[in-house]
Amino acid sequence: MDKRIRIIVEGLVQGVFYRASTLKTAQQLNLTGYVRNLPDGNVEVVAEGRSEQVDRLISWCHQGPTHAVVSKIEVTEQSYRWEFRSFDIR
């Protein structure tokens with residue numbers, strides 16, 4: 001089954017390779033979508049793919065890369081749209 005989610009990651013997540021590490025992880029999981037920094041210092045992740053793989057990305061986002069300090073993530077499930085061809089940094 002396919003799944004689409006939007007994640008807002010809060011904490012020390014900008015300037016610590018969070019986007020690059022998310023890109024690498026999502027590509028390894030064969031997910032499509034994007035990751036981007038938000039003006040408020042948070043990071044947004046939108047991902048589509050197989051439910052099990054999306055759930056693995058959600059779990060990874062709780063920790064993030066080595067230098068990140070994740071204080072909270074908010075996950076919203078959305079309607080699957082087949083919108084993306086790849087996973088990118090925006």
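Computed from a predicted model, the values in this text were never measured in an experiment. Note: hydrogens, waters and symmetry copies are ignored here, and every other heavy atom, side chains too, is used.
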Can you tell if the side chain of L57 reaches within under 4.5 Å of the side chain of T25, non-hydrogen atoms only?
yes

What closest approach, in Å, do W82 and D2 show between heavy atoms, and which atom pair accounts for it?
NE1-OD2, 4.2 Å

Within 45° of the axis and under 6.0 Å from the centre of the six-membered ring of Y80, does NZ or CZ of R4 qualify?
no

Pair L38-V43, side chain to side chain contact (heavy atoms under 4.5 Å, CB included): steps then yes or no:
CA-CA 6 Å; L38 297 175; V43 170; over 6 Å; no

Got a second to check how far Q28's CD is from W60's CH2, nearest 0.5 Å?
10.0 Å

Can you name the closest pair of heavy atoms from I5 and E77 and give their distance?
CG2-CA, 4.2 Å

ILVMFWY network linking V13 to I89, side-chain heavy atoms under 4.5 angstrom
yes

What is the distance from atom OG1 of T76 to atom CD1 of I8, rounded to the nearest 0.5 Å?
7.5 Å

Side chain to side chain, Y18 and N37, heavy atoms closer than 4.5 Å:
no

Can you name the closest pair of heavy atoms from C61 and V9 and give their distance?
O-CG1, 4.3 Å

When clusters are formed by joining ILVMFWY residues with side-chain heavy atoms under 4.5 Å apart, either directly or through shared neighbours, do L29 and V45 land in the same one?
yes

To the nearest 0.5 angstrom, please state how far the OH atom of Y34 sits from the CZ atom of F84.
6.0 Å

Does E74 come within less than 4.0 Å of R6, counting only side-chain N to carboxylate O?
no

Would you say T32's side chain and F87's backbone share a donor-acceptor pair under 3.5 angstrom?
no

Atom CZ of R85: over 12 foreign heavy atoms under 6.0 Å:
no

Of the non-hydrogen atoms in V46 and Q78, which two are nearest, and what is the gap between them?
CG1-OE1, 4.4 Å

Just wondering, do L31 and V54 contact through their side chains at under 4.5 Å, heavy atoms?
yes

V35 and R19 have their tightest heavy-atom pair at CG1-O, 3.6 Å

Could you measure the distance from the CD1 atom of I58 to the OG atom of S51? Nearest 0.5 Å is fine.
9.5 Å

Using 0.5 Å steps for rounding, measure from the CG atom of L23 to the OG atom of S86.
8.5 Å

For the residue pair Q14 and N42, what are the closest heavy atoms and their distance?
NE2-O, 2.9 Å

Nearest 0.5 angstrom please: T22 OG1 to R36 CZ, how far?
14.0 Å

Got a salt bridge between K3 and E48, using NZ or NE/NH1/NH2 to carboxylate O under 4.0 Å?
no

